[in-house]
Protein chains: 2
Amino acid sequence: MDGLNPELMRGSLDLMVLSVLADGAKYGYLIQQRLREASDELVDLKAGTLYPILHKLEKAKLVRSRWDDTTGRKRKWYELTAAGKKQLGHRVAEWQRYVTCLRQILGPLADVAPA
Amino acid sequence: MDGLNPELMRGSLDLMVLSVLADGAKYGYLIQQRLREASDELVDLKAGTLYPILHKLEKAKLVRSRWDDTTGRKRKWYELTAAGKKQLGHRVAEWQRYVTCLRQILGPLADVAPA
DNA sequence: AGTCAATACATTGCCTGTCGATATATAGAC
DNA sequence: GTCTATATATCGACAGGCAATGTATTGACT
């Protein structure tokens with residue numbers, strides 16, 4: 001992570017990875033890049049963070065992987081399973097519930113102009 | 001925590017506690033209740049979570065505490081320091097940057113109607 | 001008087017997630 | 001030949017959350 005408190009991201013890293021995979025299969029390194037781009041460099045997932053997440057998601061059958069040896073560089077492609085797509089929907093809804101919840105807790109503090 | 005993924009809350013618990021203290025001093029148990037109310041029962045901070053947070057904030061000089069022995073029940077009142085109020089402002093801004101950031105990552109997925 | 005639930009603060013120990021460090025290996029540029 | 005970027009993976013240190021546990025007071029109901 002870069003400009004943001006890393007602690008803040010804990011718990012939504014899975015969601016980020018799942019959502020990046022929503023528009024098609026990608027390999028690990030590409031997921032890192034896409035996330036960095038999409039977040040304006042704010043999210044910079046380290047390898048030591050990303051791969052454990054991918055392995056966890058695969059174990060949970062939310063993503064499935066396939067090695068590609070046909071090109072010179074070996075790449076492991078990950079894609080969402082049906083269960084993964086469903087789960088992604090749940091997670092997005094949960095995230096939005098959470099944002100609403102925190103806005104309520106912050107109360108008037110939340111009314112200052114967002115950056 | 002109740003209806004929400006507990007992992008999601010990690011990293012914003014400090015923020016919640018600070019923001020509850022924004023409108024005046026409170027003791028631990030009261031903070032728990034206010035947080036439960038303000039979140040429609042979604043956030044239910046356990047004692048084993050709350051007190052370490054309060055102690056951490058106090059150590060960081062963001063809050064200060066005072067025992068009240070005058071009433072029958074001993075209560076430890078916590079209030080924001082000047083540094084705490086300032087920090088709260090930073091944290092709120094950071095939270096909003098984060099929400100914006102995640103909305104960008106989710107892309108079209110974020111467009112589904114919020115709960 | 002006795003019991004129970006709510007109030008009130010605190011610590012301990014387990015578990016899990018993050019990430020820096022490290023390892024391995026290929027491709028292309030200089 | 002060397003350096004950087006690409007590409008995946010694991011290990012170990014560290015920190016945070018929380019169930020469990022402990023102590024003690026208050027008030028209600030019996």
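Side chains are part of it too, since the values below use all heavy atoms of this structure and drop only hydrogens, waters and symmetry mates.
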Ion pair check, R64(A) and E79(A), cut-off under 4.0 Å: yes

If you compare every side-chain N and O of [X] against the phosphate oxygens of [N] (OP1, OP2), does one of them come in below 4.0 Å?
| X | N | result |
| --- | --- | --- |
| H55(B) | dT11(C) | yes |
| K76(A) | dA9(D) | yes |
| Y51(A) | dA9(D) | no |

Report the nucleotide, chosen from dC19(C), dA9(D), dA19(D), that has the shortest atom-to-atom distance to any side-chain atom of K46(B). dA19(D)

Short side-chain to backbone donor-acceptor contact, T81(A) and K61(A), under 3.5 Å: yes

N/O donor-acceptor pair under 3.5 Å between E94(A) side chain and N5(B) backbone: yes

May I have the distance from [X] (atom [atom1]) to [N] (atom [atom2]), rounded to whole angstrom?
| X | N | atom1 | atom2 | answer |
| --- | --- | --- | --- | --- |
| I53(A) | dT8(D) | CD1 | C1' | 15 Å |
| D44(B) | dG17(D) | CG | P | 15 Å |
| L57(A) | dT18(C) | CG | P | 11 Å |
| L13(B) | dA15(D) | CG | P | 17 Å |
| R10(B) | dT18(C) | CZ | C1' | 9 Å |
| N5(B) | dG17(D) | CG | P | 13 Å |
| K74(B) | dT7(C) | NZ | C1' | 15 Å |
| M16(A) | dG17(C) | CE | C1' | 14 Å |

Ordered by number, residues from residues 26-38 of chain A within less than 4.0 Å of DNA chain D (heavy atoms) are Y27(A), G28(A), Y29(A), Q33(A)

Shortest non-hydrogen contact between L80(A) and A22(A), atoms and distance: CD1-CA, 3.8 Å

Between M9(A) and L42(A), what is the shortest heavy-atom contact and its length? CE-O, 3.9 Å

Quick check: on DNA chain D, is the nucleotide nearest W77(A) upstream (toward 5') of the one nearest G11(B), or the reverse? Name the residue that is more 5'. W77(A)

Quick check: any donor-acceptor pair below 3.5 Å linking the side-chain of R73(A) to the base of dT6(D)? yes

Of A47(A) and D14(A), the one whose nearest nucleotide on DNA chain C sits closer to the 5' end is D14(A)

Hey, what else clusters with W77(B) if you join Ile, Leu, Val, Met, Phe, Trp, Tyr whenever side-chain heavy atoms sit under 4.5 Å? Y27(B), Y29(B), L30(B)

If only side-chain N and O atoms count, and only distance matters, is there a donor-acceptor pair under 3.5 Å linking Y98(B) with S12(B)? no

